[in-house]
Amino acid sequence: MDDPEHGAVQIHGDEEIIEVIELNETEQTPDDLAEEFDDVDFAEAGNVDDEGWETEDEMDAEQDDSELTFSRHTGSVFCVSLDPVTNNLAVTGGEDDKAFVWRVTDGELLFECTGHKDSVTCAVFSHDSKLVASGDMSGLIKVWRVETKEEIWSFEIGDLEWLQWHPHAPVLLAGAADGNVWMWKIPSGECKTLQGPNCQATSGKILPDGRRAVVGYEDGTLRLWDLKQGNTIYVIKGQDGHQGALTSMECNKDGTLVLTGSVDGQAKLINTSTGKVVGCLSLDNSDTGNTVEEQDSNSVESVGFCNVLPLVAVAYLDGTLAIYDLSTQSLRHSCKHEVGIVHLQWEEASAMVAVCNLGGVVTLWDGRSGSMVSEYHGHSAEILDFTLNRCLCKRCLCKP
């Protein structure tokens, strides 16, 4: 049938025209299509289109809240310590068999602690910040004079577990895998050995009076040592002791109480004057929602006392930061993390407690309210150690 009006569009009933597209009479060739784009400014269009969008690289970039990054290590960083006098110097030890002493303010390397044969797992400054000790997993310990950057002493023991300076004198203590604790005067090297059981001396703490030290062992026992006499004052074991290896310990400001943590999931309060256990803190004594299996495998990773309020913090492998009231020994707050906690530290003059975790994040919590104050991102893997900068209120961190 002939169309009376060629090219006209007929409307039938309720039909509605949404859009009419006119087609060219002749088909365009590829060259014709290319010519249409000759006048398009791709650079200008690209700038407009990119606004509000991220490139793939930008989307992959992690948030970095750090003010400075020290990147001399070529492997995992296992330990970090700040000089106690100024808090301006840091020493770090790592998987690359190296320890570095560097300045926190600008990241400038001051010197390298050379000559280690294995991963450096301990690195600490002396009480007056004049000396720094570095120790590797093989048991090689070196001491350096910070001012002259020279090595002044070295000694080799069995596999090293921990290293700590005396709080008032140039005396260095080290715990070994054979259970012995070594004590030296530096730099003379005069030595005394505190012989423990035939198992690892997994953690140790010199008390503030400088006369006594508490040492925890793999079998769950604790020994309070008289450092001058070289003998044990108290031994805590059996039901009074832990039922697994000690993982951490801290003392309160005057040294009257020690808080210990263990793989058995418990934290114990010990009176250092009597050697008696005066409290036992564990998540299975509180309503946490954990199953029996989770409680049994929930190791205590770190502990600490608040200096300004009667509070203690206990960090667990399941990601729980528990804040306990010291006077009642009751759970005050349970602060949850999605991954396990590695280490905790209270700020020196506040009720804020910081923790680092296996997710590579540092979180700051208010111990009074149990609320998170802030998070610090920037690490691409788990954080293995950290310390708080007293003067600058900043965090100095270690990561793989």
Side-chain angles (χ1 to χ4, degrees), residues 68 70 72-73 77-94 97-116 119-136 140-155 157 160-175 181-189 203-208 210 213 227 248-251 253 304 307 343 345-348 354 356 384-398:
L68 184 145
F70 182 80
R72 289 281 187 139
H73 288 282
V77 183
F78 293 131
C79 57
V80 59
S81 176
L82 294 174
D83 83 277
V85 174
T86 70
N87 266 204
N88 287 334
L89 301 181
V91 58
T92 51
D97 305 350
K98 294 179 180 179
F100 296 107
V101 177
W102 49 282
R103 195 157 43 217
V104 173
T105 51
D106 57 10
E108 180 182 349
L109 176 65
L110 300 184
F111 64 93
E112 177 184 341
C113 304
T114 58
H116 282 287
S119 298
V120 178
T121 54
C122 301
V124 283
F125 286 94
S126 61
H127 73 286
D128 55 7
S129 299
K130 293 181 179 180
L131 304 175
V132 64
S134 55
D136 64 35
L140 178 59
I141 302 169
K142 293 174 174 286
V143 175
W144 310 76
R145 196 178 301 281
V146 175
E147 184 179 7
T148 61
K149 306 175 185 178
E150 63 178 343
E151 180 184 328
I152 63 170
W153 180 86
S154 66
F155 195 87
I157 62 174
L160 180 66
E161 294 291 324
W162 53 270
L163 197 61
Q164 187 180 2
W165 284 99
H166 191 279
H168 312 299
V171 173
L172 185 64
L173 269 70
V181 174
W182 298 74
M183 182 169 61
W184 304 274
K185 287 184 179 179
I186 306 297
S188 69
S203 57
K205 183 70 177 179
I206 304 173
L207 298 184
L227 295 180
S248 57
M249 63 175 60
E250 286 293 338
C251 65
K253 209 165 187 178
N307 288 332
H343 183 57
Q345 186 177 345
W346 289 92
E347 288 191 347
E348 188 169 305
C356 65
L384 304 180
D385 192 19
F386 88 113
T387 188
L388 298 181
N389 187 312
R390 179 187 68 243
C391 302
L392 302 177
C393 296
K394 298 175 183 175
R395 285 91 197 156
C396 192
L397 316 171
C398 287

**Message:** Run the side chain to side chain contact (heavy atoms under 4.5 Å, CB included) test on Phe70 and Val104 for me, step by step, so that the C-alpha distance in whole Å, both residues' side-chain angles and the decisive distance to 0.1 Å come before the verdict.
**Reply:** CA-CA 9 Å; Phe70 182 80; Val104 173; over 6 Å; no
Look only at the side chain of [X] and the backbone of [Y], and say whether a donor-acceptor pair between them is shorter than 3.5 Å.
| X | Y | answer |
| --- | --- | --- |
| His168 | Pro208 | yes |
| Asp385 | Val80 | yes |
| Ser126 | Leu131 | yes |
| Asn389 | Asn87 | yes |

Residue pair [X] / [Y], side-chain heavy-atom distance below 4.5 Å:
| X | Y | answer |
| --- | --- | --- |
| Leu227 | Leu173 | yes |
| Gln345 | Thr387 | yes |
| Val91 | Phe125 | yes |
| Glu347 | Leu388 | yes |

Quick one: [atom1] on [X] to [atom2] on [Y], what's the gap to the nearest 0.5 Å?
| X | Y | atom1 | atom2 | answer |
| --- | --- | --- | --- | --- |
| Arg145 | Lys130 | CZ | NZ | 9.0 Å |
| His166 | Leu172 | NE2 | CG | 11.5 Å |
| Thr121 | Asp136 | OG1 | CG | 7.0 Å |
| Cys79 | Leu384 | SG | CG | 10.0 Å |
| Ile206 | Met183 | CD1 | CE | 8.5 Å |
| Phe78 | Cys122 | CZ | SG | 11.0 Å |

Identify the heavy atoms of [X] and [Y] that sit nearest to each other, and give their distance.
| X | Y | result |
| --- | --- | --- |
| Ser119 | Asp97 | N-OD1, 3.1 Å |
| Leu68 | Gly107 | CD1-N, 3.3 Å |
| Leu140 | Gly115 | CD2-O, 3.5 Å |
| Met249 | Ser203 | CE-OG, 3.5 Å |

Mind checking what makes salt bridge (Lys or Arg N to Asp or Glu O under 4.0 Å) contact with [X], not counting sequence neighbours?
| X | value |
| --- | --- |
| Glu151 | Lys142 |
| Arg72 | none |
| Glu150 | none |

**Prompt:** Is Lys205 paired with Glu250 through a side-chain N to carboxylate O contact shorter than 4.0 Å?
**Reply:** yes
**Complete:** By side-chain hydrogen bond (donor to acceptor under 3.5 Å, both in side chains), Ser129 pairs with (sequence neighbours left out) Asp83
**Request:** Could I get the full list of side-chain hydrogen bond (donor to acceptor under 3.5 Å, both in side chains) partners for Trp165, not counting sequence neighbours?
**Result:** none
**Request:** Identify which one of Val101, Val143, Thr92 satisfies the side chain to side chain contact (heavy atoms under 4.5 Å, CB included) criterion when paired with Cys113.
**Result:** Val101
**Request:** Go through the structure and list residues passing side-chain contact (heavy atoms from CB on, under 4.5 Å) with Ala174, not counting sequence neighbours.
**Result:** Ile141, Ile157, Leu160, Leu163, Trp184
